[in-house]
Participant: 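First, the structure itself, so that you have it in front of you.
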Amino acid sequence: TSVTGVQTCALPISSGFPGGWGIITADQGKLKLSKLESNDRLSNVQLKNSAEIAGQEADELYGSDLGRVLDMGLSPDFEIAGKLLWNLYTDNTDEKDPVGVITMDEHALQSLMWVTGPVTVGDKQLGADAIVEYVTKGVYSDFKDVASKDAALLGITEQIFSKLQTGEVGALGLAKALLPAIEGGRIRAWAADEAVQSIVRKTSLSGGVKDPEDVTHIVAVANGGGNKIEAYVQTDVQYWGGVCDLNLPFRDSTLRITFNNTAPSSGLPAYVTPRLDKGQVAPKPQGSNREIVYVHLPAGSELQSALVNEYDVESLVQGSENGRWVWRFDVEIKANQSKTLVIQFSEPALEKKPKARLWVQPMAVPMTTSVKLGPVCTS
C-alpha cells in the first residue's frame with residue numbers, strides 16, 4: 001500500500017526539521033521512500049475548502065489558518081490535520097490514491113537511526129544520538145541558505161530510508177524502532193478509508209483526543225512567529241486540582257504553563273529568526289517569538305483569570321472542540337527569557353475519584369507535565 005509521508009512536526013510547532021513530502025510504500029517490513037520534495041511548493045498553496053474538511057468547531061477556532069500546510073496541525077486532534085494534509089497533497093500532485101497520511105518528526109528519525117545506523121552530511125558522520133540536535137540547530141550553522149539546508153536535511157531522510165528499503169532491518173527491527181516513536185507521539189497516521197481509520201483510531205498512531213474522559217485537559221502550543229525558534233523553547237505544563245465549591249459540584253483549578261527560551265539574541269542565520277507576525281524578516285535582536293496557546297478544558301468550565309508573569313491577559317478566541325471548552329492566549333517571549341501563563345478556572349467536579357489527565361504535545365524540546373489531583377468533590 002502507498003502512504004503519503006509528511007516529514008514535519010506532528011503538531012504545528014516548527015522544530016527546524018524540514019517540511020518534506022514523499023510517498024512511502026510498505027511491503028513486508030521494507031519501506032520505500034519516493035518522490036521526496038521539500039515543503040516549499042506546497043507551503044505556497046492555500047487549501048480553499050479547509051473549513052468544510054475540518055468542520056465547524058475547528059473552523060470557528062482556527063479559521064483560514066487551517067488552509068496553510070504549516071498551520072494544519074493547530075488542533076491537537078490529528079484526524080483534522082490528516083484530512084487536511086491528504087486533501088492538500090492529492091489536490092496538488094499526480095498521486096490521487098494514497099491510502100492515508102503519516103507524519104514523522106526528527107525524533108522519529110532518531111528512532112529509525114538506532115537500527116539503520118549513522119548518516120553522512122558533508123564531511124560529518126552523525127549517529128542517532130546527535131541527529132535531533134543537528135537537524136534542529138546544527139544544520140543552520142553549516143548551511144546559511146534555505147535551499148542548501150533543505151537539500152542536506154532531505155538527504156538525511158533519503159539515507160535512512162535507503163537502508164530500510166533493503167530489508168536488512170527486517171520487520172522486527174523496524175517495529176523496535178517505530179514503537180517508541182509512536183508511543184511518544186512522534187509518528188501519527190490517518191487513513192482515508194473510514195473502516196481503516198476506525199482501526200487506527202484505537203491505537204497510539206491516531207493522535208486522537210476525541211474522548212474528553214481520556215484526555216481531560218489540553219495545552220496546545222503553536223509557533224506564532226513563522227520561525228524556527230521552537231528548537232530553543234522548553235515548555236512545562238502543571239495542573240493543580242483545586243478545592244471543591246461548598247454549594248456546587250465544581251472545583252477551582254489552575255494550569256501553569258512556563259516557556260523557557262534559550263535562543264541566542266544574535267548569530268543565527270536570518271531565515272531561522274524572522275518575526276513574520278510582525279512583518280520583520282531580520283529582527284534585531286534575534287531569538288524572540290510569539291507562542292500561541294490553546295487551552296482545552298472540561299465542558300462546563302469557566303475561565304476566572306489569566307496572567308502572564310502576573311500581568312492580566314485576555315483570551316483572543318473562545319470556542320469548543322471535541323467536548324471541551326477552548327480559549328486562546330498569546331505569549332510574547334524574548335531570547336534568554338522565561339514567561340509563565342497561569343490560568344485559573346472553575347471546572348465540573350462531581351466524582352467518586354478525582355481525575356485529570358494532561359495531553360502531552362510532541363514538541364522539538366520535549367514538553368514536561370505534572371498533575372496534582374484535588375480532593376474528592378461530592379454533592
Participant: Can you name the nearest heavy-atom pair linking G242 to P375, along with the distance?
Facilitator: O-CD, 3.4 Å
Participant: Taking side chain as C-beta onward, heavy atoms only, is V342 less than 4.5 Å from T254?
Facilitator: yes
Participant: Side-chain contact, heavy-atom cut-off 4.5 Å: S370 with Y239?
Facilitator: no
Participant: Report the residue from R290, Q337, R275, K339 that forms a side chain to side chain donor-acceptor pair (under 3.5 Å) with E332.
Facilitator: R275
Participant: Please check: side-chain N/O of R328 versus main-chain N/O of L61, any donor-acceptor pairing under 3.5 Å?
Facilitator: no
Participant: Does a side chain donor of either N322 or D77 reach within less than 3.5 Å of an acceptor in the other side chain?
Facilitator: yes
Participant: Take atom CD of E52 as the centre, draw a 6.0 Å sphere, and report whether it contains more than 12 heavy atoms from other residues, nucleotides or ligands.
Facilitator: no
Participant: Classify the side-chain pair E57/S320 by whether it contains a donor and acceptor separated by less than 3.5 Å.
Facilitator: yes
Participant: More than 12 foreign heavy atoms under 6.0 Å from CD of Q56: is that the case here?
Facilitator: no
Participant: Does this structure show an ion pair linking K48 with D91, if we count only N-O contacts that are shorter than 4.0 Å?
Facilitator: no
Participant: Using the ring pair (Phe, Tyr, Trp, His ring centres under 6.0 Å) criterion, which residues pair with F250? Sequence neighbours excluded.
Facilitator: none
Participant: Considering only heavy atoms from C-beta outward, does the side chain of L47 approach that of N49 to under 4.5 Å?
Facilitator: yes
Participant: Distance from I333 atom CD1 to Y232 atom OH, nearest 0.5 Å?
Facilitator: 14.0 Å
Participant: Work out which heavy atom in P362 is nearest to a heavy atom in G184; give both atom names and the distance.
Facilitator: CB-O, 3.9 Å
Participant: If only atom types and distance count, is the side chain of Q286 paired as donor or acceptor with the main-chain N or O of V272 below 3.5 Å?
Facilitator: no
Participant: Answer yes or no: is there a side-chain heavy-atom contact under 4.5 Å between V293 and I343?
Facilitator: no
Participant: Salt bridge check: are E194 and R201 linked by an N-O gap of less than 4.0 Å?
Facilitator: yes
Participant: Could you pull out the closest heavy-atom pair between S288 and N261, with the gap in Å?
Facilitator: CA-ND2, 4.5 Å
Participant: Find the distance between CZ (R256) and CG (L341) and round it off to the nearest 0.5 Å.
Facilitator: 10.0 Å
Participant: How about T136 and E106: does a side-chain donor come under 3.5 Å of a side-chain acceptor?
Facilitator: no
Participant: Please round to the nearest 0.5 Å and tell me the distance separating atom CH2 of W327 and atom CD of Q318.
Facilitator: 7.0 Å
Participant: For the residue pair L33 and I24, what are the closest heavy atoms and their distance?
Facilitator: CD1-CG1, 4.0 Å
Participant: Would you confirm whether W86, through its side chain, and P98, through its main-chain N or O, come within 3.5 Å as a donor-acceptor pair?
Facilitator: yes
Participant: Under the side chain to side chain donor-acceptor pair (under 3.5 Å) test, which residues partner T216, sequence neighbours left out?
Facilitator: none
Participant: Let me confirm one number: the NZ-OG distance from K334 to S265, rounded to the nearest 0.5 Å.
Facilitator: 11.0 Å
Participant: Please answer whether the main-chain N or O of K202 pairs with a side-chain N or O of S206 as donor and acceptor at a distance below 3.5 Å.
Facilitator: no
Participant: How would you list all residue pairs meeting ring-ring contact (aromatic ring centres under 6.0 Å, His included) that involve residues 258-306, not counting sequence neighbours?
Facilitator: Y62-Y294, Y140-Y271
Participant: Counting only N and O atoms by type, is there a donor-acceptor contact under 3.5 Å from the side chain of Q159 to the main-chain atoms of T120?
Facilitator: yes
Participant: Please check this pair: side chain of D71 against backbone of G67, looking for a donor-acceptor N/O pair closer than 3.5 Å.
Facilitator: no
Participant: Looking at A364, is its backbone amide N or carbonyl O close enough to the side chain of H107 to form a donor-acceptor pair, meaning the two atoms are under 3.5 Å apart?
Facilitator: yes
Participant: Under the criterion side-chain hydrogen bond (donor to acceptor under 3.5 Å, both in side chains), I'd like the reasoning laid out for E302 against S346: C-alpha separation, chi angles, the key distance, then a yes or no.
Facilitator: CA-CA 5 Å; E302 181 178 343; S346 175; 5.7 Å; no
Participant: Donor-acceptor pair, distance only, cut-off 3.5 Å: does the side chain of Q361 make one with the backbone of V221?
Facilitator: yes
Participant: Show the numbers, then the answer: is there a side-chain contact (heavy atoms from CB on, under 4.5 Å) between N92 and R41?
Facilitator: CA-CA 10 Å; N92 294 279; R41 180 176 63 84; 4.2 Å; yes
Participant: Between the side chains of S338 and N260, does any donor sit under 3.5 Å from an acceptor?
Facilitator: yes
Participant: Under a 4.5 Å cut-off applied to non-hydrogen side-chain atoms, are K124 and D142 in contact?
Facilitator: yes
Participant: Output yes when a side-chain donor or acceptor of Q197 lies under 3.5 Å from a complementary backbone atom of A191, and no otherwise.
Facilitator: yes
Participant: Check this for me: K144, atom NZ, are more than 12 non-hydrogen atoms of other residues, nucleotides or ligands nearer than 6.0 Å?
Facilitator: yes
Participant: Taking atom types as modelled, is there a side-chain donor on D236 or T258 under 3.5 Å from an acceptor on the other?
Facilitator: no
Participant: So, taking the atom named CD in E37 and the one named CD1 in I23, what distance separates them when rounded to the nearest 0.5 Å?
Facilitator: 9.5 Å
Participant: Side chain of Q234, backbone of P366: donor and acceptor closer than 3.5 Å?
Facilitator: yes
Participant: Check L112 against M104 and note the closest heavy-atom contact, atom names and distance.
Facilitator: CD1-SD, 4.4 Å
Participant: Within the structure provided, determine whether L164 and F161 are in side-chain contact (heavy-atom separation under 4.5 Å).
Facilitator: yes
Participant: Nearest 0.5 Å please: distance from the CG atom of L42 over to the OG1 atom of T93.
Facilitator: 7.5 Å
Participant: For residues V215 and R324, report the shortest heavy-atom separation together with the two atoms involved.
Facilitator: O-NH2, 2.8 Å
